[in-house]
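Because only heavy atoms are used, hydrogens play no part in the values below, and waters and symmetry mates are left out as well, while side chains stay in.
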Amino acid sequence: MLEADLKGSFRWRGDRTDRWNLADLSGWWAEATILRRLGPALASLFPDAQPTVVLGPQSRGALLGALVATHLGVGLVELRKDPSRAADSDRWHITHTPPDYLDRTLRLGVRKDHLSAGSRVLLIDDWIDTGAQATAAHAIVEQSGASWCGAAVVVDGLSDSRKRRDLDVRALLHQRDL
């Protein structure tokens, strides 16, 4: 069972004197048996959504997003952190996040030629904590005229159930289970 394997290969890292422990997800990527099941499992959280594109935040969201996109037979669009234009003609949908779990405000963007009206967008990420990046991703989807299908994540750490409902967040695990 994938849930048991995810829990078994997950570790909290830190010493007794550390202010908090850090989530170590590296065991998930190191286990081929887990890795090959993550794409289909995340896609199965939205069985009727019919996304035409997967949106994956840089970097682990893009890694997982590629697995989901491959499984669904759709494209992957990377949600870039602090994007910069390659040329004057390079156009982006840009927004800023509300404060995240480290109290940072991030500048996020997607190239306009990769996300447009008519697209059905499914956000994929490893972990959702404050919902800051998912909220910004939703704003970018709205800017583009595309439709938001929801957010499929491996771990739901949201404490605000309104964000879970408003963003339609579905998860394989909850943080309390780790």
Side-chain angles (χ1 to χ4, degrees), residues 1-51 53-82 97-104 106 108 110 121-138 148-161 163-178:
M1 185 166 141
L2 180 58
E3 184 177 327
D5 289 345
L6 288 168
K7 289 177 184 179
S9 60
F10 173 85
R11 299 288 180 269
W12 289 104
R13 303 281 185 196
D15 294 322
R16 288 182 305 136
T17 58
D18 292 340
R19 186 172 175 193
W20 57 73
N21 289 329
L22 299 175
D24 179 2
L25 316 180
S26 62
W28 298 347
W29 324 136
E31 293 289 332
T33 60
I34 292 174
L35 200 56
R36 83 169 148 259
R37 291 181 287 162
L38 279 171
L42 287 165
S44 75
L45 295 172
F46 287 87
D48 300 322
Q50 298 179 329
V53 68
V54 166
L55 183 62
Q58 186 186 22
S59 64
R60 291 190 297 220
L63 177 141
L64 288 167
L67 297 174
V68 174
T70 300
H71 173 74
L72 293 174
V74 301
L76 169 70
V77 175
E78 185 180 30
L79 180 64
R80 301 292 305 267
K81 296 176 183 174
D82 200 23
T97 67
D100 69 3
Y101 68 102
L102 294 174
D103 203 31
R104 302 172 300 183
L106 302 175
L108 300 178
V110 169
V121 181
L122 179 61
L123 178 73
I124 303 294
D125 210 351
D126 60 335
W127 199 295
I128 189 166
D129 187 54
T130 64
Q133 288 189 60
T135 298
H138 187 263
W148 179 262
C149 294
V153 299
V154 179
V155 179
D156 179 351
L158 282 170
S159 57
D160 185 347
S161 60
K163 281 202 193 269
R164 187 177 296 110
R165 182 182 61 249
D166 293 346
L167 296 169
D168 195 3
V169 175
R170 301 177 195 177
L172 300 176
L173 296 170
H174 292 275
Q175 182 174 325
R176 68 179 173 268
D177 299 327
L178 296 173

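- Separating the CG atom in Leu122 from the CZ atom in Phe46 is a distance of 6.0 Å, to the nearest 0.5 Å.
- Counting all heavy atoms, side chain and backbone alike, Leu25 lies closest to Phe10 at CD2-CE1, 3.5 Å.
- Rounding to the nearest 0.5 Å places CD1 of Ile128 at 11.5 Å from NE2 of His174.
- For the side-chain hydrogen bond (donor to acceptor under 3.5 Å, both in side chains) test, no residue two or more places apart in sequence or in another chain qualifies with Arg176.
- Annotation for Gly65 and Leu76: closest pair C-CD1, 3.7 Å, computed over non-hydrogen atoms.
- In this structure a side-chain-to-backbone donor-acceptor pair under 3.5 Å is missing from Thr97 to Ala132.
- Judged as a salt bridge (Lys or Arg N to Asp or Glu O under 4.0 Å), and not counting sequence neighbours, Asp103 has no contacts.
- By the side-chain contact (heavy atoms from CB on, under 4.5 Å) test, Val74 is found to be paired with Val54, Ala69, Leu72, residues two or more places apart in sequence or in another chain being considered.
- Side-chain contact between Arg80 and Leu108 is absent, with no heavy atoms from C-beta onward closer than 4.5 Å.
- For the side-chain hydrogen bond (donor to acceptor under 3.5 Å, both in side chains) test, residues two or more places apart in sequence or in another chain that qualify with Arg170 are Asp168.
- The CG atom of Asp125 lies 9.5 Å from the CG atom of Leu55; values are rounded to the nearest 0.5 Å.
- Under the 4.5 Å side-chain criterion, counting only non-hydrogen atoms from C-beta, Leu123 is not in contact with Gln133.
- Under the rule for a side-chain hydrogen bond (donor to acceptor under 3.5 Å, both in side chains), the partners of Lys7 that lie at least two apart in sequence or sit in another chain are Glu3.
- Residues forming a salt bridge (Lys or Arg N to Asp or Glu O under 4.0 Å) with Arg104 (at least two apart in sequence, or on another chain): Asp100.
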Report, one line per pair, each donor and acceptor closer than 3.5 Å where one atom sits in a side chain of residues 148-159; sequence neighbours left out.
residue, atom, partner, partner atom, Å
Trp148, NE1, Leu167, O, 2.9
Asp156, OD1, Leu158, N, 2.8
Asp156, OD1, Arg164, NH2, 3.3
Asp156, OD2, Arg164, NE, 2.6
Asp156, OD2, Arg164, NH2, 3.3

Return a table of donor-acceptor pairs under 3.5 angstrom between the side chains of residues 34-41 and protein atoms on other chains or two or more places apart.
residue, atom, partner, partner atom, Å
Arg37, NE, Thr33, O, 2.6
Arg37, NH1, Asp5, OD2, 3.3
Arg37, NH2, Asp5, OD2, 2.5
Arg37, NH2, Thr33, O, 3.3

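- Residue pairs meeting the salt bridge (Lys or Arg N to Asp or Glu O under 4.0 Å) criterion with at least one member in residues 23-33, sequence neighbours excluded: Arg13-Asp24.
- Applying the salt bridge (Lys or Arg N to Asp or Glu O under 4.0 Å) test to Asp166 and every residue at least two apart in sequence or in another chain returns nothing.
- Looking at heavy atoms from C-beta onward, Leu42 lies out of side-chain contact with Leu67 at the 4.5 angstrom threshold.
- Under the salt bridge (Lys or Arg N to Asp or Glu O under 4.0 Å) criterion, Asp48 pairs with no residue at all, not counting sequence neighbours.
- Each side chain to side chain donor-acceptor pair (under 3.5 Å) pair with one or both residues in residues 54-76, not counting sequence neighbours, appears once here: Arg60-Asp126.
- The CH2 atom of Trp127 sits 13.0 Å away from atom CG of Leu64, with the distance rounded to the nearest 0.5 Å.
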